[in-house]
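Letters A, B, ... mirror the listed sequences (proteins, then strands); counts begin at 1.
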Amino acid sequence: MNTKINLAGIEMKNPVTVASGTFGYGREYSQFFDLSKLGAIITKGTSLKPKNGNKPPRVCETASGMLNSIGLQNPGVEYFAQNDLPFLRKYDTKIIVNACGNTIEEYVELCKILDKLDIDGVELNLSCPNVKQGCMAFGNTYEGVKTVTQAVRKVLNKPLLVKLTPNVTNIVEIAKAVEDAGADGVSLINTLLGMKIDIQKKAPVLANITGGLSGPAIKPVAVRMVYQVAKEVKIPILGMGGIISGEDAIEFMLAGATAISIGAGNFIDPQTSIKTIQGIENYMQEQKIEDINEIIGIV
Amino acid sequence: MLKAVKELAEKQNIPCQISLEEKMGCGIGACLGCAVKKAQSPKEAPEYYHVCKGGPVFKSTDVEI
């Protein structure tokens, strides 16, 4: 049975990765399982300079999901390179850094640094809904996505994925911008912009007022977007949005994802990602599938 | 209530520790959801502890609630 896949030039032992922002830099989860079991780890969104993040409350629960507005709190790329990367490199898994910035110049500067580090790829974050500048501001137009991606492509030789926001009218058009700009793959989807109100206080629950919705609640939206994009673009898709089991992962792969990420599922059970790997293998056995690549995009 | 206890203790110079609650995502220090503001951190760029890992019990003088 073969579970190896190639995502945008990154050879992975299985199609399961962990989504940016739900897994930190791996340290906390290494207490629960051997990180070498994962196909890849996508790091917390990392910026050129450290970021303190948004005011609390930053998270709240909703039906079958959660809202978050962390605000990309991270220690900056320099700290990451010195402290977190050596730790992650002890494990036999691929390391993909989620890169975020406020301006095109910041994205370019950051990716110049990332290109020199011992990492396997970069996931460009053009989709965080919780910061005032950058990110989703670039990610919701064809031109914005193409301009940033092209600028980064010029300085980055490593595999480049671009993570898109679902908060757009036409996801296919935005994914085409990624392909046209010469990126190697596209990550679908980031969180859906949402809001919750405390009816006793008569005020928003989150200090940032709005936040990103994730968890099983958004899975059908994500599957639909992966399906639509897979039909129209040639570059591979890293699918995510509410995956908590092998069955969910298979759904994304049938829709056209080459690999998948576990996000909010890591919060329900820190071992969700490795249980998902087992679930995929069980499905392959039941269905007598020799190679996982056979099922990608067959729906 | 914690805020009142914190103020009273600090006014009377009584050492005080408080056990905080904040909504958590992961509960293990990875998601950075359960932030609480560090005392005396700059207003324009406030810094945060996280209740799940840095706490839940803090010295009352270390945090701003």
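The number of heavy atoms from other shown groups lying within 6.0 Å of OH (A/Tyr91) is above 12. Within 6.0 Å of the CD1 atom in A/Ile199, the count of heavy atoms belonging to other residues, nucleotides or ligands does not exceed 12. Environment of NZ in A/Lys13: crowded, with over 12 heavy atoms of neighbouring residues, nucleotides or ligands closer than 6.0 Å. With a 6.0 Å radius and a threshold of 12 heavy atoms from other residues, nucleotides or ligands, B/Lys37 has its NZ atom above the threshold. Around atom CD of A/Glu61, no more than 12 heavy atoms belonging to other residues, nucleotides or ligands sit under 6.0 Å away. No more than 12 heavy atoms of other residues, nucleotides or ligands shown are found within 6.0 angstrom of CD on B/Gln40. Sparse packing is recorded around CD of A/Glu78, with 12 or fewer heavy atoms of other residues, nucleotides or ligands lying under 6.0 Å away.
A heavy-atom distance below 4.5 Å is found between the side chains of A/Arg58 and B/His50. Annotation: side chain of B/Lys53 is in contact with side chain of A/Glu28 (closest heavy-atom distance under 4.5 Å).
Closest approach of B/Cys31 to A/Phe267, counting heavy atoms only: CB-CZ, 3.4 Å.
The contact between A/Lys44 and chain B is made entirely by side chain atoms (from C-beta outward), counting heavy-atom distances below 4.5 Å.
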List the atom pairs, with distances to 0.1 Å, where a side-chain N or O of residues 19-26 of chain A and a protein N or O form a donor-acceptor pair under 3.5 Å, not counting sequence neighbours.
from, atom 1, to, atom 2, distance (Å)
A/Ser20, OG, A/Thr43, O, 2.8
A/Ser20, OG, A/Gly45, N, 3.2
A/Ser20, OG, A/Asn98, ND2, 3.4
A/Thr22, OG1, A/Ala19, O, 2.7
A/Thr22, OG1, A/Asn266, ND2, 3.0
A/Tyr25, OH, A/Thr46, OG1, 2.8

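Going from atom CG of A/Asn54 over to atom CG of B/Leu32 covers 11.5 Å, rounded to the nearest 0.5 Å.
Annotation: residues 21-29 of chain B contacts chain A through B/Glu22, B/Lys23, B/Met24, B/Gly25, B/Cys26, B/Ile28, B/Gly29 [non-hydrogen atoms, separation under 4.5 Å].
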